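One structure is given here, and the rest of the page talks about it.
Residue numbers start from 1 in every chain, and the chains themselves are labelled A, B, ... in the order their sequence lines are given, proteins ahead of strands. Please read these numbers as outputs of a predicted model, since none were measured by experiment. Quick note: numbers below take in every heavy atom, side chains included, and nothing from hydrogens, waters or symmetry partners.
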Amino acid sequence: MRNDYADAVLRVASLVGPGRVLSYGDVAELLDAGGPRQVGAAMSRSGEAGGRGAVPWWRVIRANGTLPEPLAAEALEHWAAEATPLRGGRVDMARARWSPTELDFAEIDALAEGLSRGGAPKRGTPLV
DNA sequence: CTTTTGACAGCGT
DNA sequence: CACGCTGCCAAAA
């Protein structure tokens, strides 16, 4: 079922609570898979997300507490609305970084598990 | 199979 | 603070 890496990334993003954020690299590290670029690539697809934009994309940002031009403006509104710790127009990563609870860890671990599905692709499994 | 690309990160200059 | 280069890993061409 785990469609793919992107799905896991989106789920982790949805775990982040209001007023908190995670850097792309953090997400990759939590999943213990891929890297910041994969997370970003996955997030780019969040707009589609099966047609549902229920993904709090503004809670997954760059390590420096910002987002690319086109998104910064809109994200800033969300951050302000959620009382996210800001500093000079960008997120104060030191204070806003999300800390997963043990419960969240279990969730994340389960997601990571799904990614490792080395099951048995073998044979003509076109896969992605 | 190889090459290119991408909502990145970190370090050196 | 501004650039430039390297490392990263998966998906798409």
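For D92(A), the salt bridge (Lys or Arg N to Asp or Glu O under 4.0 Å) partners two or more places apart in sequence, or in a different chain, are R95(A). Residues satisfying the salt bridge (Lys or Arg N to Asp or Glu O under 4.0 Å) test with E29(A), not counting sequence neighbours, are none.
Note that CH2 of W58(A) and OG of S46(A) are 10.0 Å apart. Values are rounded to the nearest 0.5 Å. Summarising the geometry, atom CZ belonging to R97(A) is positioned 5.5 Å from atom OG belonging to S23(A); distances are rounded to the nearest 0.5 Å.
The two residues G89(A) and L76(A) make their nearest non-hydrogen contact at O-CD1, 3.6 Å. Closest approach of V91(A) to A96(A), counting heavy atoms only: CG1-CB, 3.5 Å.
Separating the CG atom of L31(A) from the P atom of dA10(C) is a distance of 12 Å, rounded to the nearest angstrom. In this structure, CG of D32(A) is placed 14 Å from C1' of dC8(C), rounded to the nearest angstrom.
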Atom pairs and distances, side-chain donor-acceptor, residues 102-109 of chain A, under 3.5 Å, sequence neighbours left out:
from    : atom 1 : to      : atom 2 : distance (Å)
D104(A) : OD2    : T101(A) : N      : 3.0
D104(A) : OD2    : T101(A) : OG1    : 2.9

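The stretch residues 81-98 of chain A has no heavy atom under 4.0 Å from DNA chain B, so no residue of it qualifies as close.
Here side-chain hydrogen bond (donor to acceptor under 3.5 Å, both in side chains) pairs that include residues 67-80 of chain A, with residues two or more places apart or in two chains, number zero.
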Which atoms of nucleotides 5-7 of chain B (N or O only) lie under 3.5 Å from a protein N or O atom, and what are those distances?
from   : atom 1 : to     : atom 2 : distance (Å)
dG6(B) : N9     : R37(A) : NH2    : 3.3
dG6(B) : N7     : R37(A) : NH2    : 3.2
dG6(B) : N2     : Q38(A) : OE1    : 2.2
dG6(B) : N2     : Q38(A) : NE2    : 3.4
dA7(B) : N7     : M43(A) : O      : 3.2
dA7(B) : N7     : S44(A) : N      : 2.8
dA7(B) : N6     : M43(A) : O      : 3.0
dA7(B) : N6     : S46(A) : OG     : 3.0
dA7(B) : N3     : Y24(A) : OH     : 3.0

